[in-house]
Amino acid sequence: MHSHLHTPYNANCEEIMTALDECHAKGFLHKAIGSCNDIKRDVNKCLGEERYARAKRNRDTARENRRRIEKIWADEKALEVTGGPISSSGVGAAAEGK
């Protein structure tokens, strides 16, 4: 088992990974004849699901950050076009002749 798999990101798979470690600890012959294959498939499935969920969270966060940044850019562009901050009358300071 790879030591880097035992991370907080894969905490939901800890029980299955421990079972695989125990299966492998039974000896080379036990491992070589495929007695651990079903557990290994379960580990791979669990890790894949965890990776998919983590990637989805990262994508959602990135999309939200992108929306926020694009709104800031749009606001800045609107300020450049109007020539300054919008006054209470809705007209930029440059357009009012100040």
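Everything quoted here is computed from the prediction, not taken from an experiment. Scope of the values below: all heavy atoms of this structure, side chains included, with no hydrogens, waters or symmetry mates.
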Problem - Stepwise side-chain contact (heavy atoms from CB on, under 4.5 Å) test for Val43 and Cys13 - result: CA-CA 7 Å; Val43 168; Cys13 302; over 6 Å; no
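Other residues, nucleotides and ligands place no more than 12 heavy atoms under 6.0 Å from the CZ atom of Arg51.
Asn10 contributes atom CG, which lies 7.5 Å from atom SG of Cys46 (distance to the nearest 0.5 angstrom). Note that the NZ atom of Lys40 and the CE atom of Met17 stand 10.5 Å from one another [nearest 0.5 Å]. Atom-to-atom distance recorded for Ile39:CD1 and Asn44:CG is 12.0 Å, nearest 0.5 angstrom. Distance check: Lys56 NZ to Thr61 OG1 gives 10.0 Å after rounding to the nearest 0.5 Å. Distance CD/Glu64 to CD1/Ile69: 10.5 Å, rounded to 0.5 Å. Here the straight-line distance linking atom CG of Asn37 with atom CG of Asp42 works out to 11.0 Å at 0.5 Å rounding.
For the pair Asp38 and Arg41, the salt-bridge criterion is met [side-chain N within less than 4.0 Å of a carboxylate O].
Among residues at least two apart or in separate chains, salt bridge (charged side-chain N to carboxylate O under 4.0 Å, His left out) pairs with a member in residues 70-79 are Arg66-Glu70, Lys71-Asp75.
Heavy atoms only, all atoms of each residue included: His24 and Cys36 are closest at CD2-SG, 3.7 Å.
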